[in-house]
Amino acid sequence: MNAQHGLLRSIERLVFEQRMLTGLIVVYGNAREYDSVTVGNAREVIKTQEGIVPDVRPLTAHTLYDLASLTKLFTAVSVLQLVERGMLRLTDTVAAADARFSQLHSTTIQEALTFQAVLKSPQRVDAQPDFDSAQRQVFAIYRSEHMPERLYSDMNALLLSYVVEGVTGQDFYTYLKKNILIPAGMQHTFAQVPAERVDDCVDYNLEHRIVEGDYQVLDDQPAGQPHDPKARLLLRGGRLCGHAGLFSTAQDMARFAQALLQGRLIARDTLLGMGVNRTGYNDQRGYRQYLGQLCFAKSPVQRLSELPSWMGQRAIGMSGYTGNHFALDPELGVFDIFLGNRCHNRVSRIVPETAAQALGLADDGSGSVCWPDGRQVLSSFQYIYKKDEMLHQPVYQCLLDSGMIGGISRGT
């Protein structure tokens, strides 16, 4: 069995046997070439007056995925481009770079970029009634003195996208288009999905959650709109956020990775610095998150890492809530990208996690839950922990088989 057949079989187990995802495309390659494997559907059901009924639409080469938090990588590259061009310094304070952030006179761009600054808004942005109210909360962002174990947050990238606008005088999507999307050849990446492309979008509607015994169904996720509620609210005012909101195809995301490896977006030294750990450490409580510049850095504890074990210390990684993943190692010169859908008609979240077993799920989170209306709803709970064994390792074998990578594993 060749390596790509092994990868295909592994994806089929996730999609068709365990049914954690409606569909998944895995893309891997280096600066010159890439390959991909696609399995499954963009949609399985729709909600009608008669209830939730089957309506299958397969994935295609034109499918648009909600990148969710993978958008943060584009924000990081934007900020680093401005630093390279002398338009911004990492030592500048946020307020000096953009006076609208009046609470951040002693917080630097670097601290915001690396999650060293814990940023909060007075009220939840996504709880606001309209765009203007939400934006007021953004500009009221302040630095918290409390340093939690989990430092990863949407607020840093959200704030920095406004800083990019303030420094350049362009709206964030216009900046991305001119400085990242066009140079990388990404013709099918959008903030506002064109009307004629909405049918190409993956359906993330009908996400199921069980929170403290409360059975919830999110049935207000329109096609072509960001799954993230903050991004969706701010998009109504015509604004792409820095933490979520981009839609893209698998081919475009491969082009983004290749443009990074080729040095067409930021210098190689800058890329090598993105994945340097700025926050992680080990103490009596355990390991804290290892984070770089709006990305995850390599962690000594694989379960806490967003990077495959075979990537090195300068690799960058990021996951998106909707089921996506991006990992790139500038030293090995390779990338792997997963674009999937773990939200559509799936139980994606269970709080507390210890309740999962009592609901009848397997130890790995797979299986189905009996919903109060009698439906059996499939689970994507714990999908994030399946990626190493079922995706990253088969991808590594594919990279070896194809000659896209050297034959030395970098283990943790």
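With hydrogens and angles left out, the side-chain atoms of Tyr162 and Gln135 include a donor and acceptor closer than 3.5 Å. Defined by atom type and a distance below 3.5 Å, a donor-acceptor pair is missing between the side-chain atoms of Gln302 and Ser309. In this structure, a donor-acceptor pair under 3.5 Å is present between the side chains of Gln116 and Thr114. Counted by atom type alone, Ser319 and Lys387 present one or more donor-acceptor pairs between their side chains at under 3.5 Å. Checked by atom type, the side-chain pair Thr189/Ser248 shows a donor-acceptor distance below 3.5 Å.
Arg346 places a side-chain N or O within donor-acceptor distance of the main-chain N or O of Arg19, the cut-off being under 3.5 Å. Formation of a donor-acceptor pair under 3.5 Å by the Asp401 side chain with backbone atoms of Ala3 is found in this model. In terms of modelled atom types and a separation under 3.5 Å, the side chain of His208 and the main chain of Val217 share no donor-acceptor contact. Under the 3.5 Å distance criterion, the side-chain polar atoms of Gln137 are left unmatched by any main-chain donor or acceptor of Gln128. A donor-acceptor pair under 3.5 Å links the side-chain atoms of Ser379 to the main chain of Gly365, judged by distance alone. Under the 3.5 Å distance criterion, the side-chain polar atoms of Lys298 are left unmatched by any main-chain donor or acceptor of Leu307. Remark: the backbone N or O of Glu44 is not paired with any side-chain donor or acceptor of Asn41 at under 3.5 angstrom. Panel note: side chain Asp66, backbone His227; a donor-acceptor pair is recorded below 3.5 Å. Of the possible donor and acceptor atoms, one in the side chain of Thr279 sits under 3.5 Å from a partner among the backbone N and O of Gln289. Formation of a donor-acceptor pair under 3.5 Å by the Asn341 side chain with backbone atoms of Thr22 is not found in this model.
Tyr28 pairs by the ring pair (Phe, Tyr, Trp, His ring centres under 6.0 Å) definition with nothing, not counting sequence neighbours. Legend: residues meeting ring pair (Phe, Tyr, Trp, His ring centres under 6.0 Å) with Phe101, ordered by chain and number and at least two apart, are Phe139. Residues that satisfy the ring pair (Phe, Tyr, Trp, His ring centres under 6.0 Å) test with Phe296, not counting sequence neighbours, are Tyr152. Partners of Arg288 by salt bridge (charged side-chain N to carboxylate O under 4.0 Å, His left out), not counting sequence neighbours: none found. The ring pair (Phe, Tyr, Trp, His ring centres under 6.0 Å) check on His325 picks up Phe338, His392, with sequence neighbours excluded.
For the pair Arg239 and Asp171, the salt-bridge criterion is not met [side-chain N within less than 4.0 Å of a carboxylate O].
Aromatic ring orientation, Tyr287 versus Tyr290: tilted (interplanar angle from 30° to 60°).
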Ignoring hydrogens and angles, write down the donor-acceptor pairs under 3.5 Å from the side chains of residues 353-363, residues two or more places apart or on other chains.
residue: Gln357; atom: NE2; partner: Asp363; partner atom: OD1; Å: 3.2

